[in-house]
Structures are given as C-alpha cells and as structure tokens.
Amino acid sequence: PSGNQTRGIGLTRISGDKYDGTYQGTMTFPQYGEGGEWKIPYVQAGDVVGNYRYRYESELIAQGFPTKLNVTSSPDSVAPVWQSLSFTPTSIDTTTGNATVTVTARITDDLAGVNWVNVWFSTPSGNQTRGIGLTRISGDKYDGTYQGTMTFPQYGEGGEWKIPYVQASDVVGNYRYRYESELIDQGFPTKLNVTSDHDAVAPVWQTLSFSPTSIDTTTGNATLTVTARVTDDISGVNAINVWFSSPSGNQTRGIGLTRISGDKYDGTYQGTMTFPQYGEGGEWKIPYVQANDIVGNYRYVYESDLIALGF
C-alpha cells in the first residue's frame with residue numbers, strides 16, 4: 001500500500017503455444033511484509049522481436065481483471081542498521097599490480113532479518129567505482145558480521161577514494177542508503193588512499209564493420225557478423241558492445257563482441273547477432289557503440305562520430 005515494497009515474477013507457459021498460451025507462476029510473500037491492500041500497478045509482456053507494452057492498473061480493471069490482494073501481516077517497516085564498518089588496509093599501492101581491500105561490517109535487523117549488504121568506493125574524479133556485496137561470516141540474519149574482499153586493479157585512478165554510500169536491505173525489502181556524511185557521524189572510516197600509475201583514457205575504436213549489410217527476415221531469422229578493432233594504451237580492453245536500433249526506435253539488438261585475435265591492447269573483436277523473423281523492416285542504424293578498459297574508463301561513440309570516422 002505504501003509503495004515501499006514490491007513483488008514481481010516472470011510467468012512460465014504451462015499450456016498452449018507462443019501464439020496463444022496460458023502462463024503461470026507462484027510468488028512468495030515473506031513474513032513481516034507490509035500488510036493491507038496490495039495492488040498490481042502494471043503487467044508487461046514482450047514478443048520475440050521485442051515489441052512490448054505495459055498494461056496499467058486502470059486498464060486491467062477496465063478489462064475486468066483482478067488487481068487487489070489483501071495481506072494480513074505483522075509488518076516490519078524498519079531497514080537494517082549499520083552497527084560497525086571497517087576496511088583494511090586503508091592505503092594500497094597498485095603501481096605494480098592489483099591490490100585487495102577487505103571490508104567488514106556488523107548489521108542488525110529487528111524482525112525480518114538482513115537480506116543483502118553492499119559497499120561502494122568511488123575515485124576522486126567520480127569516474128571509477130568499485131562495489132561489493134558482503135557475505136555473512138558470523139552471527140545470524142538478525143545480528144551478523146558481513147565481509148568481502150575487493151580487488152582494485154593496476155592502473156586504476158590514484159588518490160583518495162571514498163565510500164559515497166552503503167546499503168543494506170532486509171528480507172521484506174526495507175532498505176536505506178547511508179551516505180558518507182552519516183558514516184562519518186557514526187565514526188566509520190570512509191577514505192582509502194590509492195597510489196597508482198593512472199590509466200585515464202578510454203579504449204579507441206580503430207575499425208568497425210558488419211556483414212552482410214542487407215538481410216531478409218521474411219521467411220526466418222537472419223544473422224549479422226560484427227567485427228571491430230579496438231585498442232587501449234595501458235590497462236587493456238575489457239568489454240566491447242554494439243547496438244542496432246530499428247527505424248522507429250522501438251526495437252533494438254545488442255551484442256558483446258569477443259576477441260578473436262591480437263591482445264587486450266590491440267585486438268580484433270567479433271560477434272554474430274540474430275535478427276528474428278517478424279522484426280521491424282527498414283533501415284536499422286547503429287546509434288552508438290561502447291568499449292571500456294579494465295579499470296573502468298569507457299566512452300560511448302555515437303552514430304555521428306562513427307560516420308565521421310568513416311565507419
């Protein structure tokens with residue numbers, strides 16, 4: 001009723017076919033969840049080619065569909081509480097290789113119990129982040145100690161990294177961000193000193209092509225092979241992504257390319273995309289491509305830039 005807790009499920013077809021089928025799924029509502037009148041705010045279905053539509057509560061009611069579920073509960077409405085937070089070491093050196101930092105926290109929750117715990121670090125520029133989900137190593141979900149070890153890669157940004165916020169959620173979905181100023185007020189450490197030879201430059205697209213340049217999906221699916229050469233000067237390429245968008249913009253296809261030759265500093269990447277039968281016809285375009293390196297530098301290259309590069 002408050003909108004602070006939600007439950008969702010993907011339904012599975014139990015009879016019929018993809019053209020006319022009955023779909024079903026079983027949802028679990030946990031103890032201590034919010035009581036009162038829960039509603040279905042919307043439902044969504046998508047087809048094979050990517051057409052989809054939300055149907056909102058008013059439309060469902062107009063169709064005569066039920067949208068309300070009455071829940072009786074002794075609700076837990078309070079998010080977990082951070083009792084302690086620390087990390088070690090508080091200074092690292094990634095000049096010659098990766099370095100690790102172990103984060104430890106004690107978290108309590110009064111009724112439902114802690115479900116997950118996350119901690120983030122951010123660079124001085126804000127352009128690079130590192131996050132981790134902590135795992136309980138002692139205690140229980142009502143009062144437990146959580147820990148995780150983060151890896152800071154060689155060539156990452158140097159300087160004073162900070163914890164901009166942390167977050168914990170309980171089993172019924174109550175959560176709260178605690179920001180740096182709150183952590184400092186509690187006496188928790190938030191600063192990590194990093195010494196590094198910084199890689200600050202995103203990968204560079206040297207070539208981009210795809211074949212064929214015309215496809216026909218009238219009688220079935222069609223495939224398209226995308227090839228690119230991408231370079232990075234220091235830390236090396238980590239991921240390459242390419243997207244196509246239909247004339248209306250309502251349908252998209254994306255793919256992550258895999259290196260087939262060279263190395264992470266200068267490599268050729270390739271992937272094969274499938275365009276399904278019944279997808280939108282016309283002139284599809286590449287609205288943008290993206291490449292990021294190992295330390296997280298990335299850049300979107302948009303259609304106008306690709307054309308200027310002769311791609």
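Hydrogens, waters and symmetry mates are skipped; everything else that's a heavy atom, side chains included, is used.
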What one should report as the nearest heavy-atom pair of Thr219 and Gln277 is C-NE2, 3.5 Å
Could you go through Thr102 and Thr149, starting from their C-alpha distance and side-chain angles, then the distance that decides it, and tell me whether this counts as side-chain hydrogen bond (donor to acceptor under 3.5 Å, both in side chains)?
CA-CA 4 Å; Thr102 298; Thr149 299; 3.2 Å; yes
Between Gln290 and Trp243, is any pair of side-chain heavy atoms under 4.5 Å apart?
yes
Give the minimum heavy-atom separation between Ile92 and Ala99, together with the two atoms involved.
CB-CB, 3.9 Å
Smallest heavy-atom separation, Thr217 atom then Ala222 atom, equals CG2-CB, 3.8 Å
If hydrophobic clusters are built from ILVMFWY residues whose side chains come within less than 4.5 Å, do Ile14 and Ile9 share one?
no
Verdict with reasoning, Thr195 to Asp93, per side-chain hydrogen bond (donor to acceptor under 3.5 Å, both in side chains):
CA-CA 5 Å; Thr195 301; Asp93 189 333; 4.9 Å; no
Taking side chain as C-beta onward, heavy atoms only, is Leu183 less than 4.5 Å from Ile163?
yes
Considering all heavy atoms, the nearest Val230-Pro203 contact
CG1-CB, 3.8 Å
Report the C-alpha distance between Val226 and Leu208 in whole Å, list the side-chain angles of each, state the deciding distance to 0.1 Å, and finish with yes or no for side chain to side chain contact (heavy atoms under 4.5 Å, CB included).
CA-CA 8 Å; Val226 182; Leu208 174 65; 3.9 Å; yes
Is there a chain of hydrophobic side chains (I, L, V, M, F, W, Y, each step under 4.5 Å between heavy atoms) that links Trp120 to Trp116?
no
Tyr177: what forms a side-chain contact (heavy atoms from CB on, under 4.5 Å) with it, not counting sequence neighbours?
Tyr165, Gln167, Tyr175, Tyr179
Approximate separation, where rounding is to 0.5 Å, of Asp170 CG and Thr108 OG1
11.0 Å
Quick check on the hydrophobic clustering: are Trp161 and Val295 connected, directly or via other members, by side-chain heavy-atom contacts under 4.5 Å?
no
Is any side-chain heavy atom of Arg130 less than 4.5 Å from a side-chain heavy atom of Pro153?
yes
In the structure I gave you, are the side-chain heavy atoms of Leu224 and Phe244 within less than 4.5 Å of one another anywhere?
yes
Taking the basic N atoms (NZ, or NE/NH1/NH2) and the acidic carboxylate oxygens, is any pair closer than 4.0 Å for Lys68 and Glu57?
no
Going from CG on Asp110 to CG on Asp76, what distance comes out if it is rounded to the nearest 0.5 angstrom?
5.0 Å
Centre-to-centre under 6.0 Å for Trp82 and Phe188, is that the case here?
no
If hydrophobic clusters are built from ILVMFWY residues whose side chains come within less than 4.5 Å, do Ile107 and Val171 share one?
no
To the nearest 0.5 Å, atom CZ of Arg229 lies from atom OH of Tyr269 at 11.0 Å
Nearest 0.5 angstrom please: Gln5 CD to Tyr32 OH, how far?
13.5 Å
Output yes when a side-chain donor or acceptor of Asn297 lies under 3.5 Å from a complementary backbone atom of Asp199, and no otherwise.
yes
Donor-acceptor pair, Thr223 side chain versus Met273 backbone, under 3.5 Å?
no
Verdict with reasoning, Ile61 to Glu59, per side chain to side chain contact (heavy atoms under 4.5 Å, CB included)
CA-CA 5 Å; Ile61 291 172; Glu59 298 175 278; over 6 Å; no
Decide if atom CZ of Phe311 counts as having more than 12 heavy atoms of other residues, nucleotides or ligands within a radius under 6.0 Å.
yes
Between CG on residue Leu309 and CH2 on residue Trp205, distance to nearest 0.5 Å:
11.0 Å
Would you say Asn98 and Thr100 make side-chain contact, with heavy atoms under 4.5 Å?
no
What one should report as the nearest heavy-atom pair of Asn241 and Gly256 is OD1-CA, 3.4 Å
Given Leu134 and Val103, is the side chain to side chain contact (heavy atoms under 4.5 Å, CB included) satisfied, shown in steps?
CA-CA 8 Å; Leu134 306 187; Val103 183; 4.2 Å; yes
Measuring from Phe275:CZ to Glu280:CD, what's the distance to the nearest 0.5 Å?
11.5 Å
Does a salt bridge link Lys264 with Asp232, judged by any charged N lying under 4.0 Å from a carboxylate O?
no
What is the minimum heavy-atom distance between Ile240 and Val237, and which atoms define it?
CD1-CG1, 3.5 Å
Would you say CG of Asp20 has more than 12 non-hydrogen atoms from neighbouring residues, nucleotides or ligands within 6.0 angstrom?
no
Checking side chain to side chain contact (heavy atoms under 4.5 Å, CB included) for the pair Asn174/Val78: CA distance, chi angles, key distance, verdict?
CA-CA 6 Å; Asn174 296 305; Val78 180; 5.9 Å; no
